[in-house]
Amino acid sequence: MDTEVWFAPGRANLMGEHTDYNEGYVLPFALAQGVTATASARDDGLLVLRSKQVPDEPVTVSLDSLAPGSVSGWAAYPAGVAWSLRAAGYAVRGASIDVDSDLPVGAGVSSSAALECSVALALCSLSGISVPRSELAVIAKRAENEFVGAPTGIIDQSAALLSTQGHALLLDCATLATAQVPFWPAAVGVSALVIDTRVTHALVSGEYAWRRVECEEAARLLRVAALGSVTDLGRLYEIEDPVLRRRARHVLTDSARAKAIAAALLVTDGISNKSEIYRFIGKLLVEGHASLRDDFEVSWPEADVAVETAVAEGAYGAKMIGGGFGGSVLALVPTGRAGAIRTAVTEAFIARGWTPPDFLDAVPSPAARRLT
Ligand code: GLA
């Protein structure tokens, strides 16, 4: 039986947190790190799933028995993708799939979407099915929403499937229109650094879902289908409740910041001295973090300390990425300062009695692809 190896990357997000399910803008880029799915077709209608990270738990399920809630734990993501493809009308074959990952789990770098998307591509290829990638992103998201039960938006699957090397992906989550925005910080002596605070999060937990509820209520008060359609900040004063007003303000300003960073990167493409642009982008990152901390209230102490310390040590800017309540910070740093910034953040954590952080180089990388 032929074996195929598919890879899907994790992502970091330059700007636009919690804007995806509000139909605003996001600006993620794919990482070099991700999930590999080694897969071969089966004729017995079974999915046999193994994870190198969870070696004691191979999971075997029959395609015909798949239903939301029928599989739990890590295997719910790949099983959910098979379910979602079938629900979309695609005839998926059984398969044996072994997954391996070099992404930290629960670190806000989208290991779930990388798992979903690597498996989705493997299943499509083995089943002889061709699905446009934009549609596959929606199918993978549905697996996460309905099969796994995490009410997440479309950013992670889009980043995994639609990114291109050396670019960030500007995605309008209302229309799903995309633009590739040149982003190659290394060319101007800048490094993108992911600081994994080692506080893990779970998006199935209640706070993420509660933010969605609050945003929906704010949209209802503004008489719009989704907050992303509002660009006039003056309209926020139509929301009397101070908490809901702050939630909405975060969504409106973060979406605007995503567009502003994309515009700055697009305008300066081709200009030789680009490091100045990173001062501007860095300032927006710090604003974005403050908005997530104060208006949206999804940051956590380790993220705040990582941002403050990185900036104090010379980073252009830094912000938490992902859903919040744990996970990672993205810092844009002059490459020459990267070592000192790592040391300072590590020392700041140790001084507070926290587990030291991990660091990942965040290099804007290609989307999911077949390896062999
Ligand atoms: C998680 C979700 C995404 C998005 C981010 C916050 O990563 O999976 O859909 O909502 O949080 O920007």
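Note that ligands are numbered from 1 as they come in the structure, with each ligand's atoms numbered from 1 the same way. Positions are given from 1 along the sequence. Just so we're clear, the structure is a prediction, and the values are computed from it rather than from any experiment.
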Within 45 degrees of the axis of the six-membered ring of W83 and under 6.0 Å from its centre: does R86 put its NZ or CZ there?
-> no

Would you please classify the geometry between the F349 ring and the W354 ring as parallel, tilted or perpendicular, with 30° and 60° separating the classes?
-> perpendicular

Would one find an N or O of Y208, backbone or side chain, under 3.5 Å from an N or O of ligand 1?
-> yes

Does one side chain, of R142 or S84, offer a donor that lies under 3.5 Å from an acceptor on the other?
-> no

Short list, please: which atoms of ligand 1 are under 4.0 Å from a heavy atom of G322?
-> 5 (C), 6 (C), 7 (O), 11 (O)

On the 0 to 90° scale, with breaks at 30° and 60°, tag the Y278-F183 ring pair as parallel, tilted or perpendicular.
-> tilted

Where ligand 1 meets T152 - atom numbers and elements under 4.0 angstrom, heavy-atom basis = 2 (C), 8 (O), 9 (O)

I155 neighbourhood, listing ligand 1 atoms whose heavy-atom distance to it stays under 4.0 Å = 3 (C), 4 (C), 9 (O)

Numbered atoms and elements of ligand 1 in range of D20, under 4.0 angstrom, heavy atoms | 3 (C), 4 (C), 9 (O), 10 (O)

Does D156 reach ligand 1 with a nitrogen or oxygen that is under 3.5 Å from one of the ligand's nitrogen or oxygen atoms?
-> yes

Polar atom proximity, G323 to ligand 1 (N or O, under 3.5 Å) = yes

Between F29 and H167, is the gap from one ring center to the other below 6.0 Å?
-> no

The atoms of ligand 1 lying under 4.0 Å from a heavy atom of G153, numbered in the order shown, are 9 (O)

Does a donor on one side chain sit under 3.5 Å from an acceptor on the other, for S125 and E4?
-> yes

E17 heavy atoms, cut-off 4.0 Å: which ligand 1 atoms fall inside?
-> 6 (C), 12 (O)

Taking NZ, NE, NH1 and NH2 as the nitrogens, is one of them in K283 or E287 under 4.0 Å from a carboxylate oxygen of the other?
-> no

In ligand 1, the atoms that come under 4.0 Å of a heavy atom of R11 are 7 (O)

Would you say R212 touches ligand 1, if touching means a heavy atom closer than 4.0 Å?
-> no

For the residue pair I321 and V329, establish whether any side-chain heavy-atom pair is separated by less than 4.5 Å.
-> no

Ignoring angles and geometry beyond distance, decide whether E144 reaches within less than 3.5 Å of ligand 1 through its nitrogen or oxygen atoms.
-> no

